[in-house]
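Beneath this line is the structure, given in structure tokens, with notes to follow.
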2 protein chains.
Amino acid sequence: MRLVIARCSVNYAGRLSAHLPLALRLLIIKADSSVLVHADGGSYKPLNWMSPPCRLDEQPGRWVVTGKSGETLTIELEEILADSSFDLGIDPGLIKDGVESHLQELLAAQMHVLGEGWRLVRREYPTPIGPVDLMCRDAAGACVAIEIKRRGEIDGVEQLTRYLELLNRDPLLAPVQGIFAAQEIKPQARILAQDRGIRCLVLDYDSMRGADDGALRLF
Amino acid sequence: MRLVIARCSVNYAGRLSAHLPLALRLLIIKADSSVLVHADGGSYKPLNWMSPPCRLDEQPGRWVVTGKSGETLTIELEEILADSSFDLGIDPGLIKDGVESHLQELLAAQMHVLGEGWRLVRREYPTPIGPVDLMCRDAAGACVAIEIKRRGEIDGVEQLTRYLELLNRDPLLAPVQGIFAAQEIKPQARILAQDRGIRCLVLDYDSMRGADDGALRLF
DNA sequence: TTGTTGATTTCGCAA
DNA sequence: TTGCGAAGTCAACAA
């Protein structure tokens, strides 16, 4: 990894065109030749960048980075204040816990909280327009499709609605009910769901991990 | 901006939990106290980070960054190989060209590619649920609503469907047809559009800029 | 390889 | 402040 502090101007030509006027910035060149141009603010997103795979052509006062599909990042170097390199090695990588797939696993393993005699048909139940997170049957044997989100917004309700519309065309499955489950359900999403006869379920991740059934509330 | 090369382990506790085992990494502390943890690969996204606004508590061998809503990033510093600071000043910012609004302008100026005698009624045609990108009339005088996306996915078809449903309630406008136009249309979006009687149009930005009508293909 | 979905998405604009 | 839509989204995973 090479770190350069330089007064530079930058041009990008790819899906769009973008230009950065002359200013002092941090330039990062990673081991795979990818380049990041950072300012001293904003968030983690660079002002401009080139993703790997790419090739860096270093000329005096000018770097030209060319991407896989021909896009180019051109950096004009006016003045270099610092330039240092380090060998960091390969990173062991990030370990995450608490994302949507975990919610799906937990709810799949706790079908009983939905009601007596409910059972899981399968996770990621395939349909032509994408997989239903959980397909199950209630005590009476009727189909129920469950869409799980970390944050329940209108898009998720629309997604579940599409699944239900399609599934209900199949006489072997119909009628299929829907449940919209999320750690947090936005008011607009809740209203839309209820308007469409879809039940809402608020999930509590920590409590589910502890298998505390009281944490699940059906609306 | 402060740049630190250090052997460190990192823990994040917020919406999710994440952990980085001990390894050599680049730590960036920006002027607003936001922190980025980068490895020597991957893309522009850091392995871990804290977005502003946040507060950095620097203890010996440990940094604790606390975010606005209480999330924390804890960095345990095992060994520091480099540590330098720079004053970059405020960046003048990025100038972009080639985004969705430009596609809208270009298509609005090239109505004839849709067919003989087509004309534009107006761009950003207002409805109670949001503006229709382009409203036009075909040679027979029938209304056509056009939704433009850079990448055409299912959400865009849903959006256009909502507009059409609403517009078709107005006897002065009905029947209103729909066209879904994008630089790239995903298969599922195309299927959904066709199922709903919405035509798909693939746009080529470069050719449109050159006003090459042959670049537009109606499906 | 291609396609689809989730994300600590981030970012910008408008109501 | 909140909500909605776009992004050079990125990244993980399945077909």
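Throughout, a chain's letter reflects where its sequence line sits, starting with A, and its residues are numbered from 1. Basis for what follows: all heavy atoms, side chains included, without hydrogens, waters or symmetry-related copies.
Position along DNA chain D of the nearest nucleotide to Q159(B) versus R151(B) favours Q159(B) as the more 5'-ward residue. Position along DNA chain D of the nearest nucleotide to E153(A) versus L73(A) favours E153(A) as the more 5'-ward residue.
When the C1' atom is used for both dC11(C) and dA7(C), the distance is 14 Å, rounded to whole Å. Comparing the C1' positions of dA7(D) and dG6(C) gives an interatomic distance of 15 Å, to the nearest angstrom. Spacing of P atoms, dG8(D) relative to dC4(D), comes out at 22 Å, to the nearest Å.
Within the nucleic acid shown, K186(A) has no heavy atom closer than 4.0 Å to any nucleic acid atom. As judged by a 4.0 angstrom heavy-atom cut-off over every strand, M50(A) is placed among the base-contacting residues. P187(B) comes within 4.0 angstrom of the backbone, heavy atoms only, and of no base. S51(A) comes within 4.0 angstrom of a base, heavy atoms only.
For the segment residues 4-15 of chain B, the set of residues with a heavy atom within less than 4.0 Å of an atom of DNA chain C comprises Y12(B), R15(B), in numerical order.
For dT9(D), the OP1/OP2 oxygens have no side-chain nitrogen or oxygen of W49(A) closer than 4.0 Å. Residue S43(B) places at least one side-chain N or O closer than 4.0 Å to OP1 or OP2 of dA11(D). Contact annotation: K96(B) reaches the phosphate of dG8(D) (side-chain N/O to OP1 or OP2, under 4.0 Å).
Between the side-chain ring of Y44(B) and the base of dC10(D), no stacking contact exists by the 5.5 Å and 30° definition.
Here the P atom of nucleotide dG5(D) and the CG atom of L160(B) are 13 Å apart, to the nearest Å. We find that CG of L20(B) is positioned 13 Å from P of dT8(C), with the value rounded to whole Å. Here dG5(D) presents its P atom at 11 Å from CD of E100(B), a figure rounded to the nearest Å. Rounded to an integer number of Å, the gap from CD1 of I185(B) to P of dG3(C) is 14 Å.
One N or O on the side chain of N168(A) and one on the backbone of V176(A) form a donor-acceptor pair closer than 3.5 Å.
Taking OH of Y44(B) as the reference point, atom CG of L47(A) lies at 12.0 Å (rounded to 0.5 Å).
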R162(A) and E158(A): salt bridge (Lys or Arg N to Asp or Glu O under 4.0 Å), yes or no, with the steps? CA-CA 6 Å; R162(A) 287 196 297 275; E158(A) 295 282 14; 5.4 Å; no

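Side-chain polar atoms of R199(B) and Q177(B) form no donor-acceptor pair below 3.5 angstrom. Side-chain atoms of K149(B) and Q159(B) form a donor-acceptor pair, as typed in the model, at a separation below 3.5 Å.
Side-chain contact check for I80(B) versus I5(B): every heavy-atom pair is 4.5 Å or farther apart.
Enclosure of atom CD in E78(A) is not indicated, since only 12 or fewer non-hydrogen atoms of other residues, nucleotides or ligands lie within 6.0 angstrom.
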